[in-house]
Protein chains: 2
Amino acid sequence: MRTIREEGVQALTLRAAGKRLGVSRTALYRHFTDKSALLAGVAREGFQRFRQDLLAEWRDAGGGLDGLARMGVAYVRFALSNPSHYRVMFGGFSDLAAKDPELEADADAAFAVLVDALESLQASGDIIQHDREQLAQYIWATVHGIAMLAIDGQLGPDPAVAEALVPFATERLRLGIVARDA
Amino acid sequence: MRTIREEGVQALTLRAAGKRLGVSRTALYRHFTDKSALLAGVAREGFQRFRQDLLAEWRDAGGGLDGLARMGVAYVRFALSNPSHYRVMFGGFSDLAAKDPELEADADAAFAVLVDALESLQASGDIIQHDREQLAQYIWATVHGIAMLAIDGQLGPDPAVAEALVPFATERLRLGIVARDA
DNA sequence: ACCTGAACACCGTTCAAGT
DNA sequence: ACCTGAACACCGTTCAAGT
């Protein structure tokens, strides 16, 4: 985890990991079937922490449309604070999920935080009564897109650009899903 | 290009490329300074084709909010039709851009198609008079997010899920940016 | 100018062998 | 059960040498 955070995924080799742990490169095969199983473990840990972060934000805000907006901010913050970890979680997800079936469950659990929030917002009549799954996918895609563009350097070298984009996006997003009868 | 399309980026090795071209692995160093310079070339070609696709869609639709929605559909279609190519274009963009400065120009040119479309929509009073750059980043992030989630297998194995998400997203998006005085 | 073959410093993975 | 060292089949890259 430390190697990934400090030097990126491509720097995580079994040899280097073994050396850091003071153990032979091949010793890791006792604990993981291969390298992608190890990476799947890293991804799982990421989704679990992710879930906690989002849940905490929703609770602290006391739910509501404000809670949803704060979850969006927390989402992008998580990605920008842990870019390499985030890349392991999302890049080549299906390959890793094939190695470790529980990865998909952890990803689903993080996604469920968003779906549950939307259910609450629908119950209170704050947002449109539309298929929750698709609504969640749409919101997820938006914050994921911002996170990815920022991480990959497509928003330029200035992190302020990404930071300014998030509140704008959450406000536009709100206008697109808010209940229209008020 | 063929190797990337048929077998993915990770299958593109200089050795395999040399063999396919009937030439030594090291011969490629006469034409590219190293492997990432070659990948930067692949990414540049992608952005150029991307730009053409988006431009054609905008023109065929005769502009307007409908043209914008069709650009969104074309965007995701491009990504899903060329997943490996798309990954080269966006994954690790800054590393590749450092190797080939013209890559950034090609990416900007593709992005400019969106910015120009927004300018036209602002001139006609169809959408809000907001900073075009940020507006474009927001829209780009949304379609990019859908494309990435779909490519990475996070939307499940059924491509119909991603296809259904696009029109829903473009409609929500429209509601968030449409001029409000009508 | 363009290409080659050998060499170098890396990988992940396997496997017989040790404690 | 857990680890080791040697070996195998790969990488990208460099470099002296050829035409």
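Protein chains get the first letters and strands the later ones, always in sequence-line order, with residue 1 at the start of each. Please read all numbers here as calculations on a predicted model, not as lab measurements.
Across G125(A) and A179(A), no two heavy atoms sit closer than the pair O-CB, 3.4 Å.
From the 5' end on, the contacts that DNA chain D makes with chain B at under 4.0 Å to a non-hydrogen atom open and close at dC11(D) to dT14(D).
Under a 4.0 Å N-O distance rule, the pair D53(A)/R77(A) does not qualify as a salt bridge. Salt bridge annotation for D106(B)-R51(B): absent, with no cationic side-chain nitrogen under 4.0 angstrom from a carboxylate oxygen.
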Tell me, what's DNA chain C's dot-bracket, Watson-Crick or G-U with both distances under 3.5 Å, | for other-strand, [ ] crossing? ||.|||||...|||||.||
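Remark: the backbone N or O of A16(B) is paired with a side-chain donor or acceptor of T13(B) at under 3.5 angstrom.
Side-chain contact, R5(A) with S84(A): no donor N or O sits under 3.5 Å from an acceptor N or O.
Between Y138(B) and H130(B), the ring center distance fails the sub-6.0 Å criterion. Taking the six-membered ring where the residue is Trp, the centroids of F50(B) and Y75(B) are separated by under 6.0 Å.
Counting non-hydrogen atoms under 4.0 angstrom, T26(B) reaches a base of the nucleic acid.
Nucleotides of DNA chain D nearest to R15(A) and L28(A) differ in position, and the one nearer the 5' end is that of L28(A).
Side-chain contact between V143(B) and V166(B) is absent, with no heavy atoms from C-beta onward closer than 4.5 Å.
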